[in-house]
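Each ligand, and each atom within it, is numbered from 1 in the order the structure gives.
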Amino acid sequence: MDHSERGKKTKKKDNGNESINKLKRAFAYNLFYKQGKTIRSATLNDYYLAVAQTVRDRMQHLFINSIEALSEKESKVVCYLSAEFLMGPHLGNNLINLGLYDDVARATREAGLDLREILNHEEEPGLGNGGLGRLAACYLDSLATLQIPAIGYGLRYEFGMFDQEIEDGWQKEISDRWLRPGNPWEIKKLDLNCEVGFGGHTETYNDENGRQRVRWIPGRAVIGIPYDTPVPGYKVNTVNCLRLWSSEAPKSFDFEDFNVGDYFGAVEEKIAAENITKVLYPNDERFKGKRLRLAQQYFFVSCSLQDMIRTHLLNNDRLDNFYDYFQAQLNDTHPAVAVPELMRLLVDLYHYDWDSAWDITCKTLCYTNHTLLPEAMEKWQLDLFKNLLPRHLEIIFEINYHLLEAVKAKYPGDDSRVERMSIIDESDNRYIRMVNLACFGSKAINGVAAMHTDLLRRHTLKDFNQMYPGKIHNVTNGVTPRRWIALSNPRLTRLLKEAIGENWITHLDDLKKIEKFADDAAFKEAWRKVKEDNKKDVTGQAFQKNGIGIDPEAMFDVQVKRIHEYKRQHLNLLHIITLYNRIKANPNTDITPRVFVFGGKAAPSYFMAKRIIKLINSVAEVVNNDPDVQGRLKIFFVPNYNVKIGHIVYPMADLSEQISLAGMEASGTGNMKFSMNGALTIGTLDGANVEIRNEVGAENFFLFGMDEKSVHEKKIAGYRPEEYYKNNDELRGVIDRLKSGHFAHGDRELFKPIVDSLLYDDRYLCCADYQDYVECQARVSRTFEDKDLWTRMSILNVARMGKFSSDRSVSDYCQKIWNVKPFPVKLKWQRVPEGGIVFPRPIK
Ligand code: NBG
């Protein structure tokens, strides 16, 4: 019986009163016994924790049963290895997936609490930078919903992604102490700790059979402690596990083990060990080889592989068939050190010969590439690597020897190919290329959108593609409709349920059924009302705080994502300043009112990105306060863009800005979330935009800009942005306006770096795409004026988003890459009843 049925059974008997009363009793119990509070002393945080604990307890038996099922003989487990999981707030999502939302809403109300306020109070675990981490979270949701046994393995950073505040228009980074209010979702599993070595040296010895072997004698050890967070699927028994590792010193203050009598030395060791999981690295515009970052990567990979092996050996004597039970997906190259680590475990510890160990390793690991930017590719300096992981370096050299032998055998005399494919980059400083390591050491490689995969095959990974045809697959990204529609857009959800039922929540293709309402006047009216009310919510709340009066009738034109030059937030600004200039030239000019919304964080050391934030805020200050503009243009920078703010922003958007330079964005996933919530897209032929446009139809998508091929040709021909400046009056007007210090209280220096970069470098071809972008924006405005047409296009966008459910992506992985099937969890352990007096017993 799944829990939706369970819900129905109790409801039939007593109209749900009994289950509501139980919930209310549980809130009170948790508040009193877990928080030690009464209504006199309880804070909002206490109430949140009491409600969260109540919900957690309601999935505990499913969680326990699911974890037990992972080690069952027949089940094959997907292990998603990722340095980032951007889960977002848990409570609301768990209520949706457990089918408890309405009951808990009622129970909290009857208990005098406000569920909205409680949900809003939850601090989100920001254990990721952006798309890559959020994708991992969407995939965990889909894996559980599809009843695929899975574990997400990662790092339990004490400080997650920094919180962004805006001060005088500049980004200010505030440390994110997400664990401080208490984390009701995780359970510490002390007994499942793993030891991880660092540094030291290696030595050879002869084993009892006289075979020569290598032993690594690490210089220091760190203990990994797992913390498990439940990930419930949507209305199924499966509750998968997010297992995050926290680092601790082996023993605290042990005078015997640490330099005798050196109390402070011992404390320092302890601190050094704990530092490993202290903080998430914000990703930069270019890769920086930080030692602590490598330590993090190795730490969580080693713990996770040890954990998988331990589980496997519960049922098996040997590891020969390890890959029949475990498939490990490497989320980018961050966990690529899994290749030498699994080899080390198999060869040094379990005494497999090299070839068998290699066979097991390659059949276990799979690798996803998430970027085409050459400067973002991970490469570790040899010295640094050797110092931290001496044994792994030896293993990498041996792996590389085998790789290069194979290359030479297949392409005799092709030295430059050997040089390109080598795991070791021999140029000036010697480096380990993690991409090459990951490609060679895994059974499958995949890109994250059709265009990205195509570019991998033809450019970035061309050599690997030629040598191993068929090894590079495409799995287009997707996002979960549970969080990104059902939870965050209740109004749209209600309308969809009324029109076509709720099957779409797990079968997103079902949204096709609303196509037939695209010309239905009443439905369209209701559709418009949903968007309008979503917009009114924000004009009433968030925006008001900033004292900006906003007209909900205006077009909400939104660009939220990490701030990066390739994503071209500054191209968006060029358009805004164009409109502003037109108004300044003729205050009566006809302009469709727009509210421009920006949001996103810049890496703390990314100079240009931080200056772009300042520019957005400076342009906002001028435009929002200029009487000539008369409220027709408003600009708003939402501070601290994160998952929680995403819940508000996607449902309110009319227009989604996906304007990266073609060939730069691997996929994008925000583009999907906008479209699912009824926004239309203005975008380039980049990443998943291409597929979104194919699905929704070219006539329902605002396309502009050069395609990847023309970009490539233009760069080869020698791109000169000054020419566009010279030949395009409006563009010149915009850049001159920037130069003049108009947005900087007359200071001509403040935005000079941006102006100079546009005029003399413009790596991302803003000037070349400018004219087409501005013309396309005019088409957008004209279309928006035709409410009926716009609504029709919006409906068709939502109707045709089936492909972009992460359920489809995960099914693709299951079929093309992992070869795993659903494994519904059979409940073997019963629930301990509330106030139970016996330990849990197996179900007979
Ligand atoms: C990002 C890409 C996005 C993509 C996500 C998820 C990295 C390294 N890459 O385009 O920039 O949508 O990965 O695949 O964060």
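Residue-to-ligand polar distances place Glu665 within reach of ligand 1: an N/O pair is separated by less than 3.5 Å.
The protein non-hydrogen atom at the shortest distance from atom 8 (C) of ligand 1 is Asp332 OD2, 3.7 Å. Of all protein heavy atoms, the one closest to atom 12 (O) of ligand 1 is Gly668 N, 2.8 Å. For atom 15 (O) of ligand 1, the nearest protein heavy atom (residue, atom name, distance) is Leu132 CB, 3.5 Å.
Within the set Lys567, His370, Met672, the minimum heavy-atom distance to atom 2 (C) of ligand 1 is found for His370.
When each atom of ligand 1 is checked for a heavy atom of Tyr566 under 4.0 Å away, the hits are 11 (O). In the vicinity of Ala666, heavy-atom distances shorter than 4.0 Å reach the ligand 1 atoms 10 (O).
At distances below 3.5 Å, at least one donor-acceptor pair connects side-chain atoms of Arg483 with backbone N or O atoms of Met87.
Ligand 1 lies nowhere less than 4.0 angstrom from a heavy atom belonging to Gly687.
At a heavy-atom cutoff of 4.0 Å, ligand 1 is contacted by the side chain of Asn477 but not by its backbone. Here Asn129 has no heavy atoms under 4.0 Å from ligand 1, in either its backbone or its side chain.
For Lys379 and Phe287, the positive end is not near the middle of the six-membered ring at less than 6.0 Å and at most 45° from its axis.
The number of heavy-atom neighbours closer than 6.0 Å to NZ of Lys278, taken from other residues, nucleotides and ligands shown, is above 12.
Taking 4.0 Å as the cut-off between side-chain N and carboxylate O, Glu691 and Arg800 do not count as a salt-bridged pair.
If you check the side chains of Gln329 and Gln327, you find no donor sitting under 3.5 Å from an acceptor.
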